[in-house]
**Q** 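The following block contains the structure, expressed as structure tokens.
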Protein chains: 2
Amino acid sequence: MTGARPPAREGEPPTGTTRERRARPTYDPSSLVEVAARVFNERGYDATSMEDLSAAAGITKSSFYHHVRGKEALLRAALERALDGLFGILEEPAAVAGSPLTRLRHIVRRQVEVLAAELPHVTLLLRLRGNTETERWALGRRREFDAAIAALVREATAAGELRAGPDPAVDARLLSGLVNSLVDWYRPGRIAVDALVAEVDRMAFEGLLANVPATGGPAS
Amino acid sequence: MTGARPPAREGEPPTGTTRERRARPTYDPSSLVEVAARVFNERGYDATSMEDLSAAAGITKSSFYHHVRGKEALLRAALERALDGLFGILEEPAAVAGSPLTRLRHIVRRQVEVLAAELPHVTLLLRLRGNTETERWALGRRREFDAAIAALVREATAAGELRAGPDPAVDARLLSGLVNSLVDWYRPGRIAVDALVAEVDRMAFEGLLANVPATGGPAS
DNA sequence: TCCGCAGTCGAACGATCGTTCGGTCGGTCG
DNA sequence: CGACCGACCGAACGATCGTTCGACTGCGGA
């Protein structure tokens, strides 16, 4: 990347306990992962240098290496956090019991919530290109998650709870795409998460058109 | 990027006229832009080296520079192609006349079609991070396009053609997100573009649920 | 026949990348 | 007080980046 960098920000020391200066910073690894995930999303993983990361953390590049193993380890840690959040949804009681449609709607709701709660980490996951082994591993796990949703869409369609189309797999792709597109514009505080869930559920299951009868909102 | 590269492919000479070898290649700039856009999407713009690009074109890095001005110029050319396609939609007769909903549905249909026809270029546009001046310019243009759609959604909502929600701007974001998410999975030949248009239109305007009355498909 | 020139290439440039290393500083504890 | 240690830093490493340069090649027009 040769061009001039965007605005550029950051530089405050680090974690919660705001002491004078150089008092007792003690970076814990997870807070550095958080910083890294945020910068990765701003610049893109490949365009982010370790200099960028260490500057965002408020220390030099060599100090930064005292706390983390390397760039790819930071990426992996952030992706694991995102994947843990997503796969956790699939094990919730409401995701494994009930009619296919009820389970699907629960998962969509929770997916929006996890997305909002772990925005930087999930954003990172959704923008992977698969250049390193770590990225390919995460992409594989993500495909597993999408496959689970696709299976549920297929079930719900077979049960007559969703409109039969030419291909339920396409419906599943569109549904996942709709939910995942949130990372491109949603920012915490912009609108309440509950309102966001309601909007996504309505769009996905009832559409934008007027004059259609209400068919029961998401299990709230 | 230190890690091992993904599979790696490509290497055939270049353009349509399949001559023996080294007969009369004559690379035209637009075909190189196409190659570049494809590789940019596979690896990501920042992770793509000029070596990668020239190899995909079948020549050396220095030969490649004989035909193109540089990496960023290739990006700009690809982005211009995507933006031209998208903004062209807004000038079509069916996009400027008729009820807000009719115009909106026409634009969505055409947006899907342009997305399918210019898949690599639009994909590139939708994955920008804004690291260079070129990227920020393209992001600005893209925001203009999204704003046009958002205005139309607002009109259609005010006219009672779309269900009133807490915020039409959110509906517009979701609609754009749904359409744009196609670049993450659609590949030419996977399903017919007409079928894709129908699926997206149904999902966006009528939702996935069963037992709702048909409300008239997109103007076809 | 010879010239020009587009196409190709190897080699190298300065810059920046991720990472390592040796050493300094300032607290903590025996 | 002195040994120790975690936090921190400057400097440098080899590799790779985007880009430039000069030279070679082979065909078309004069």
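The sequence lines fix the lettering, A, B, ..., with proteins before strands; numbering per chain opens at 1.
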**Q** Using whole Å, report how far OH of A:Tyr65 lies from C1' of C:dC21.
**A**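 To the nearest whole Å, that distance equals 13 Å.
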**Q** CE of A:Met50 versus C1' of D:dC8: gap in Å, rounded?
**A** 15 Å
**Q** Who pairs with A:Asp184 by side chain to side chain donor-acceptor pair (under 3.5 Å), at least two apart in sequence or on another chain?
**A**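 By the side chain to side chain donor-acceptor pair (under 3.5 Å) rule, A:Asp184 matches A:Arg127.
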**Q** Is it true that B:Glu92 and B:Arg110 have a side-chain N and a carboxylate O under 4.0 angstrom from each other?
**A** yes
**Q** Measure from CG on B:Leu74 to P on D:dT19 and round the result to the nearest Å.
**A**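 From B:Leu74 CG to D:dT19 P: 9 Å.
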**Q** For A:Glu144, give me all partners under side chain to side chain donor-acceptor pair (under 3.5 Å), at least two apart in sequence or on another chain.
**A**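 Applying side chain to side chain donor-acceptor pair (under 3.5 Å) to A:Glu144 gives none.
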**Q** Going by the salt bridge (charged side-chain N to carboxylate O under 4.0 Å, His left out) test, which pairs reach into residues 79-90 of chain B, not counting sequence neighbours?
**A** B:Glu34-B:Arg81, B:Arg76-B:Glu80, B:Arg81-B:Glu118
**Q** Nearest to the side chain of A:Lys71 - D:dT19, D:dC8, C:dG18?
**A**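 The answer is C:dG18.
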**Q** Quick test: give all pairs of protein nitrogen or oxygen and nucleotides 10-15 of chain C nitrogen or oxygen below 3.5 Å, distance rounded to 0.1 Å.
**A**
from	atom 1	to	atom 2	distance (Å)
C:dG10	N7	B:Ser62	OG	3.1
C:dG10	O6	B:Ser62	OG	2.7

**Q** Rounded to whole angstrom units, what separation is found between the CG atom of B:Leu53 and the P atom of D:dT16?
**A**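 It works out to 17 Å between those atoms.
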**Q** What integer distance in Å separates B:Glu72:CD from D:dT19:C1'?
**A** 13 Å
**Q** B:Ser54: what forms a side chain to side chain donor-acceptor pair (under 3.5 Å) with it, not counting sequence neighbours?
**A**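 Side chain to side chain donor-acceptor pair (under 3.5 Å) list for B:Ser54, sorted by chain: empty.
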**Q** Can you measure from CG (A:Leu174) to CH2 (B:Trp185) and round to the nearest 0.5 angstrom?
**A** 5.5 Å
**Q** Round to the nearest Å and state the distance from B:Asp52 atom CG to D:dG18 atom P.
**A** 8 Å
**Q** What integer distance in Å separates B:Asp46:CG from D:dT16:C1'?
**A** 14 Å
**Q** What is the base-pairing partner of C:dG30, counting Watson-Crick and G-U wobble geometry with both distances under 3.5 Å?
**A**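 Pair assignment: C:dG30 / D:dC1.
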**Q** With sequence neighbours excluded, what pairs up with B:Thr134 under the side chain to side chain donor-acceptor pair (under 3.5 Å) test?
**A**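 For B:Thr134 the side chain to side chain donor-acceptor pair (under 3.5 Å) partners, ignoring immediate neighbours, are B:Glu72.
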**Q** State whether B:His67 places a side-chain N or O below 4.0 Å from either non-bridging phosphate oxygen (OP1 or OP2) of C:dT8.
**A** yes
**Q** Without decimals, in angstroms, what is the distance between B:His66 NE2 and D:dA23 P?
**A** 17 Å
